[in-house]
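Single-structure report; data block below.
Both backbone and side-chain heavy atoms feed into the values below; hydrogens, waters and symmetry mates do not.
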Amino acid sequence: QMRALLQEAQGAIVPTGFAHLTPRGGADLSRGIDLAVTARMTYVFSLGVLMGIPGCRRYADHGVHALATYFADPDNGGWWTAIRPEPDEDGHGIPFDEESRWKSQFRHAFLILGASAATVANRPGALELLVDALHDQERHWLQDDGLPADTFTPDYAQCTNRRSMDALVHTAEAYLNAAEATTDPVWVERAEVMAAFVHHQAQDNEWRIPEYYDGQWQPVSGAPEGFTDGRRVYEGAVIGHSFQWARLAVHIRAALRSMG
């Protein structure tokens with residue numbers, strides 16, 4: 001099954017990363033080349049490398065190069081949400097539209113995930129990409145309470161007054177993978193802070209984790225407004241996120257035990 005999935009995923013390759021797939025398995029060029037999609041593809045092709053599946057190195061390396069080169073914002077730092085499938089004449093990535101210039105923690109988390117897997121798979125440039133992404137987390141995203149911001153303006157000058165569980169769960173997941181790739185336990189400790197917050201939220205809300213919060217991480221009711229990165233908007237508690245947190249809690253416990 002893994003081989004079949006990787007074979008299907010090869011159809012998503014475009015010069016600047018990996019596209020969404022059409023129903024026929026080709027690259028959908030009507031949509032932006034998404035940072036999260038390209039990072040996820042880099043992750044799975046890196047797993048393919050680790051599993052010894054032929055042909056995966058080329059695609060993993062393509063993903064690392066795309067993330068480091070085309071998605072990176074050369075003026076403000078960080079990474080764009082989505083870009084066009086072809087670079088400009090100077091070989092630089094082009095934001096898909098104005099909203100794609102905004103910075104999204106939801107998507108930056110997948111960048112860390114993909115770079116971590118590629119680092120473990122010993123892909124060229126992956127460690128440098130991962131270190132840059134982690135420094136960006138410390139410089140911009142991690143707040144004083146140990147929880148991440150959700151969305152920034154393109155120049156990182158202003159953080160939006162909203163937070164989301166989808167960004168938080170994938171950030172914790174990414175940090176745990178970064179800890180394995182770098183052997184730095186601080187990323188496990190940071191994931192533990194996030195898991196502790198979620199436990200308190202679940203405990204206070206009859207074990208249904210609120211999905212959306214204000215800028216001080218107080219739960220808000222109803223669908224939020226103003227998300228610029230095209231992610232799915234949920235209504236009510238998301239059961240899938242509860243399952244993810246259950247798995248991450250076990251992962252964190254095992255990681256902390258290994259640290260002694």
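Of the possible donor and acceptor atoms, none in the side chain of Ser46 sits under 3.5 Å from a partner among the backbone N and O of Ala60. A donor-acceptor pair is defined here as one N or O able to donate and one able to accept, closer than 3.5 Å; such a pair exists between the side chain of Arg163 and the backbone of Thr160. Asp155 places no side-chain N or O within 3.5 Å of a backbone atom of Asn76 that could act as its donor or acceptor partner. Under a 3.5 Å cut-off, the side chain of Asp88 and the backbone N or O of Asp90 do form a donor-acceptor pair. Side chain of Glu173 to backbone of Leu248: no donor-acceptor contact under 3.5 angstrom is found.
Between the CD1 atom in Ile209 and the CD1 atom in Ile239 there is a gap of 8.5 Å [rounded to 0.5 Å]. One finds the CG atom of Leu142 at 7.5 Å from the CD atom of Gln105 (value rounded to the nearest 0.5 Å). Here CG of Leu6 is found 12.0 Å from CD of Gln1. Values are rounded to the nearest 0.5 Å. How far CZ of Phe152 is from NZ of Lys103: 10.5 Å, rounded to the nearest 0.5 Å.
Between His241 and Glu211, the side chains place a donor N or O and an acceptor N or O closer than 3.5 Å (distance only, hydrogens not considered). Looking at Asp150 and Tyr212, their side chains never bring a donor and an acceptor atom within 3.5 Å of each other.
With sequence neighbours excluded, the residues forming a side chain to side chain contact (heavy atoms under 4.5 Å, CB included) with Pro124 are Asp61, listed by chain and number. Applying the side chain to side chain contact (heavy atoms under 4.5 Å, CB included) rule to Ala9 yields the partners Met41, Phe45; only residues at least two apart in sequence or on another chain are considered. Among residues two or more places apart in sequence or in another chain, the ring-ring contact (aromatic ring centres under 6.0 Å, His included) test is passed with Phe243 by none.
Between Tyr156 and Trp141, the two ring planes are perpendicular [angle over 60°; tilted spans 30° to 60°]. Taking the six-membered ring where tryptophan is involved, the planes of Phe110 and Phe106 are perpendicular, since the angle between them exceeds 60° and thus also 30°.
Chaining together hydrophobic side chains whose heavy atoms lie under 4.5 Å apart places Phe71 alongside Val14, Leu29, Ile33, Leu35, Val64, Leu67, Tyr70, Trp79, Trp80, Ile83, Leu111, Leu129. Clustering of Ile, Leu, Val, Met, Phe, Trp and Tyr by side-chain heavy atoms under 4.5 Å joins Val131 with Leu127.
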Please step through ring pair (Phe, Tyr, Trp, His ring centres under 6.0 Å) for the pair His199 and Trp207, ending with a clear verdict. CA-CA 8 Å; His199 178 265; Trp207 302 105; 5.6 Å; yes
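In terms of heavy atoms, Asp97 sits closest to Ser100 at OD1-OG, 2.6 Å.
For the pairing with Arg107, the side chain to side chain donor-acceptor pair (under 3.5 Å) check across Asp34, Thr81, Thr38, Thr151 returns one residue only, Asp34.
Pairs of residues two or more places apart, or lying in two chains, never qualify as salt bridge (Lys or Arg N to Asp or Glu O under 4.0 Å) while including a residue from residues 3-13.
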